[in-house]
Amino acid sequence: MTTPELAINGPVAMLGMCRGAICFGEHNFNSDRLLRCGIKVEIDSFSGYRIYPSKGKLFVRGDSKVFRFAGSKNASLFLQRKNPRKIAWTQVYRRMHKKGITEEVAKKRSRRTVKHQRGIVGADLAAIAAKRNQTAAVRSQQRLAAITKAKTEKKEKEVKKAKPARQATTSGPKVSKQQMKGGKGGR
């Protein structure tokens with residue numbers, strides 16, 4: 001079998017790979033058998049599909065960058081400068097839009113928040129724990145004791161205020177400072 005001549009139009013060449021020779025035809029091989037044997041499988045530059053040996057096309061750009069395509073459809077879309085992220089059947093699009101991911105992989109484990117006990121200003125952790133462990137009866141007794149204490153303190157303050165107030169009332173009539181000075185109070 002002779003290899004056909006390679007036609008290059010300008011700085012670009014389009015060719016298929018077949019058993020190390022330049023070929024434009026397509027051959028059928030058992031893809032499962034090739035995978036098991038460990039034969040190198042290429043990836044399509046546009047769609048992300050697998051390209052098995054003897055399949056697909058190779059595109060070499062002017063800057064010597066190599067692009068591999070599974071078929072003419074992918075090559076055509078690439079040459080039309082279509083964006084594979086916007087074409088629904090490409091692997092890039094599917095990855096971007098989270099298609100075909102199994103549920104196990106898709107579910108992210110959320111971290112559980114751990115609760116820590118901390119002291120508050122004016123009460124350390126031990127005091128808070130002691131109050132939490134008190135019974136209702138003890139709490140009500142403390143409340144009653146606090147109320148009676150507050151009432152007695154209030155009565156003592158009222159008694160102290162009442163004594164100075166009586167002394168002020170026994171003195172003479174109220175006179176303003178202006179009147180005491182004797183200025184402009186007569187008009």
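Keep in mind that what you see is a predicted model, and the values were worked out from it rather than measured.
Checked against I51 for a side chain to side chain contact (heavy atoms under 4.5 Å, CB included), the options E42, K57, K40 give a single hit: E42.
The backbone N or O of R68 sits less than 3.5 Å from a side-chain atom of S45, completing a donor-acceptor pair.
When all heavy atoms of I39 and P53 are compared, the pair lying nearest together is CG2-CG, 3.1 Å. The shortest non-hydrogen separation linking Y93 to K86 is CD1-C, 4.2 Å.
Atom NZ of K149 is separated from atom CG of L144 by 14.5 Å, given to the nearest 0.5 angstrom. Atom-to-atom distance recorded for F78:CZ and F67:CZ is 4.0 Å, nearest 0.5 angstrom. Note that CZ of F46 and CD1 of I87 are 3.5 Å apart. Values are rounded to the nearest 0.5 Å. Residue L77 holds its CG atom at 9.5 Å from CZ of F69, rounded to the nearest 0.5 Å. Taking CG of L125 as the start and CD1 of I120 as the end, the distance is 9.5 Å to the nearest 0.5 Å. Here the straight-line distance linking atom CG of L79 with atom CG of N74 works out to 11.0 Å at 0.5 Å rounding.
Using a 4.0 Å cut-off between a side-chain N of Lys or Arg and a carboxylate O of Asp or Glu, D63 and R61 qualify as a salt bridge.
For the pair Q91/Y49, a side-chain contact is recorded, criterion being any heavy-atom separation below 4.5 Å from C-beta on.
Around CZ of R85, the count of heavy atoms belonging to other residues, nucleotides or ligands within 6.0 Å does not exceed 12.
For the residue pair Q80 and S76, a side-chain donor N or O sits within less than 3.5 Å of a side-chain acceptor on the partner.
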